[in-house]
Amino acid sequence: MFKKNRHGIQIKSPEQLEKMRAAGLVVGRTLDLLKRSVEPGMTPLDLDGIAEKAIRGEGAIPSFKGYQGFPATICASVNDEVVHGIPTAARKLREGDIISIDCGAILDGWHGDSAVTVPVGEVAPELIELMRVTEESMWRGIAALKVGAHLSDIGHQVEKYVKSQGRYGIPQEYGGHGIGTEMHMDPWIANHGKPGRGPMLEEGMCLAIEPMVNLGGARTRVLADEWTVVTIDGKPSAHFEHSVAVTHNGPWVLTALDGGKERLAQLN
């Protein structure tokens, strides 16, 4: 049985949250391996092979592969690619690039979903800062996942932090989502907006928080492959994501190896 609240948002039991955690750890460990694997000269398709082997080696299934026709295990978005980049062997990663890696896995019918942006060798200081701002904005959004808070509080915290750090663009049409027995479920979560709006957060909700932040403007377009999203001005973009459960003890970051304890403690 899969319980839903009056807004149609799936509510997980404690036992189901443990299964979500198991799926999340598969993703967390896979991304940790991929971060350590990135180096100049390899291709996004090389990383895709590493990811699929790692996920299947844990008895899980890549959630992205075949999803609405997507052909790969990970999304690999390089430099001005915002999200949904298709891994290919056609390009090699070069010193100074950044690559956003989005990864999902299904274990025992439950989904985990997480993303990181990784520097390729030595990168420009403004790219290091872009990644820092994006990742920190994600954690600010995650910290808002408290019982009784409102859904829009998450995006408000993301946007508030990004705007406090300089002139960055936040794509308006992409955001986070509910997650559980499906990879994408209600509700959709904007990375911007006013606080105190939308459904109240309840224990047992699981949400994927995923800010995308551009070094330039917010506008994007989709390439001819009908998947890859790029910035219109050609400037780089970063993307970070974690799957998070709402509990009475605060947010439980299902795809973080430590459950998010270290980073969330720094924000309290």
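Atom set for the values below is all heavy atoms of this structure, side chains included, hydrogens, waters and symmetry mates excluded.
Applying the salt bridge (Lys or Arg N to Asp or Glu O under 4.0 Å) criterion to Asp32, with sequence neighbours excluded, gives Arg36. In this structure, the salt bridge (Lys or Arg N to Asp or Glu O under 4.0 Å) partners of Glu52, at least two apart in sequence or on a different chain, are Arg56, Lys65. By the salt bridge (Lys or Arg N to Asp or Glu O under 4.0 Å) test, Arg132 pairs with Glu129, sequence neighbours left out. In terms of the ring pair (Phe, Tyr, Trp, His ring centres under 6.0 Å) criterion, residue partners of His242 (sequence neighbours excluded) are, by chain and number, Trp139. In this structure, the salt bridge (Lys or Arg N to Asp or Glu O under 4.0 Å) partners of Lys163, at least two apart in sequence or on a different chain, are Glu159. Taking the ring pair (Phe, Tyr, Trp, His ring centres under 6.0 Å) definition, one finds that His177 meets it with His184, sequence neighbours left out.
Ile61 shares a hydrophobic cluster with Ile106; the chain of contacts runs through ILVMFWY side chains whose heavy atoms sit under 4.5 Å apart. Chaining together hydrophobic side chains whose heavy atoms lie under 4.5 Å apart leaves Ile232 on its own. Through direct or indirect side-chain contacts shorter than 4.5 Å among Ile, Leu, Val, Met, Phe, Trp and Tyr, Leu257 is connected to Leu25. Hydrophobic cluster membership of Ile86, counting Ile, Leu, Val, Met, Phe, Trp and Tyr whose side-chain heavy atoms lie under 4.5 Å apart directly or via other members: Phe64, Tyr67, Phe70, Met183, Trp227.
Under the 4.5 Å side-chain criterion, counting only non-hydrogen atoms from C-beta, Val83 is not in contact with Cys75. Annotation: side chain of Ile209 is in contact with side chain of Leu145 (closest heavy-atom distance under 4.5 Å). Counting heavy atoms from C-beta outward, Arg221 and Val229 have side chains that stay 4.5 Å or more apart. Contact check for Trp252 versus Leu254: side-chain heavy atoms found under the 4.5 Å cut-off. In this structure, Leu151 and Leu201 have side chains that are in contact, with non-hydrogen atoms separated by less than 4.5 Å.
Cluster membership for Met138 and Tyr174, using ILVMFWY side-chain heavy atoms within less than 4.5 angstrom, is not shared. Val253 and Val246 fall within a single hydrophobic cluster, where Ile, Leu, Val, Met, Phe, Trp and Tyr side chains are chained together by heavy-atom contacts under 4.5 Å. Follow the hydrophobic side-chain contacts under 4.5 Å out from Leu47 and you reach Leu31 in the same cluster. In the hydrophobic cluster analysis, where Ile, Leu, Val, Met, Phe, Trp and Tyr join through side-chain heavy atoms closer than 4.5 angstrom, Val78 is grouped apart from Leu45. No path of Ile, Leu, Val, Met, Phe, Trp and Tyr side chains, each step under 4.5 Å between heavy atoms, connects Val82 with Val120, placing them in separate hydrophobic clusters.
The two residues Val147 and Thr247 have their closest heavy-atom pair at CG2-O, 3.7 Å. Between Pro211 and Val158, the closest heavy-atom pair is CB-CG1, 3.8 Å. Contact record, Ser77 with Gly85: OG-N, 3.1 Å, taken as the closest heavy-atom pair. Among all heavy-atom pairs drawn from Leu207 and Gly178, the shortest one is CD2-CA, 4.1 Å. Here the closest heavy-atom approach between residue Ala143 and residue Leu267 is recorded as CB-CD1, 4.1 Å. Of all heavy-atom pairs spanning Ile99 and Ala76, the tightest one is CD1-CB, 4.0 Å.
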*Test side-chain contact (heavy atoms from CB on, under 4.5 Å) on Leu34 and Ile74 and set out the steps.*
CA-CA 10 Å; Leu34 293 172; Ile74 60 171; 4.3 Å; yes
*Stepwise, does the side-chain contact (heavy atoms from CB on, under 4.5 Å) test hold for Thr134 with Val162?*
CA-CA 7 Å; Thr134 308; Val162 173; over 6 Å; no
_Determine whether Val123 and Asp97 satisfy the following criterion, side-chain contact (heavy atoms from CB on, under 4.5 Å), listing intermediate values before the conclusion._
CA-CA 7 Å; Val123 305; Asp97 287 342; over 6 Å; no
*Please assess Glu81 against Ser237 for the test side-chain hydrogen bond (donor to acceptor under 3.5 Å, both in side chains), listing each intermediate value before the final yes or no.*
CA-CA 7 Å; Glu81 297 171 352; Ser237 183; over 6 Å; no
*Would you check, one step at a time, whether the test side-chain contact (heavy atoms from CB on, under 4.5 Å) holds for Asp102 with Glu241?*
CA-CA 8 Å; Asp102 197 348; Glu241 175 185 17; 3.1 Å; yes
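Although no hydrogens or angles enter the test, the distance criterion places no donor-acceptor pair under 3.5 Å between the side chain of Glu39 and the main chain of Ser37. Asn214 contributes no side-chain N or O that, together with a main-chain N or O of Gly216, makes up a donor-acceptor pair within less than 3.5 Å. The main-chain N or O of Tyr161 is never found under 3.5 Å from a side-chain atom of Ser137 such that the two would form a donor-acceptor pair. A donor-acceptor pair under 3.5 Å is formed between the side chain of Asn79 and the backbone N or O of Ile98. For the pair Thr255 (side chain) and Val27 (backbone), a donor-acceptor distance under 3.5 Å is absent. Within the 3.5 Å criterion, the main-chain N or O of Trp110 finds no donor-acceptor partner in the side chain of Thr181.
Between the CD atom of Glu202 and the CE atom of Met200 there is a distance of 8.5 Å, given to the nearest 0.5 Å. The line from CZ of Phe240 to CD1 of Ile142 is 11.5 Å long, rounded to the nearest 0.5 Å. Annotation: the span from Asp233 atom CG to Leu215 atom CG amounts to 8.5 Å, rounded to 0.5 Å. We find the SG-CE distance between Cys206 and Met185 to be 9.5 Å, quoted to the nearest 0.5 Å. Within the model, atoms CD1 of Ile50 and OG1 of Thr73 stand 11.5 Å from one another, a figure rounded to the nearest 0.5 Å. Going from atom CE of Met131 over to atom CD1 of Ile128 covers 4.0 Å, rounded to the nearest 0.5 Å.
Between Thr117 and Ser100, the side chains place a donor N or O and an acceptor N or O closer than 3.5 Å (distance only, hydrogens not considered). Side-chain contact, Glu210 with His239: a donor N or O sits under 3.5 Å from an acceptor N or O.
For the side chain to side chain donor-acceptor pair (under 3.5 Å) condition, the pairs that include at least one residue of residues 21-30, sequence neighbours left out, are Arg29-Glu58. Screening residues 140-156 for side chain to side chain donor-acceptor pair (under 3.5 Å), with sequence neighbours left out, gives Glu136-Arg140.
The number of heavy atoms from other shown groups lying within 6.0 Å of CD (Glu262) does not exceed 12. Open room surrounds CD on Glu226; 12 or fewer heavy atoms of other groups in view lie less than 6.0 Å from it.
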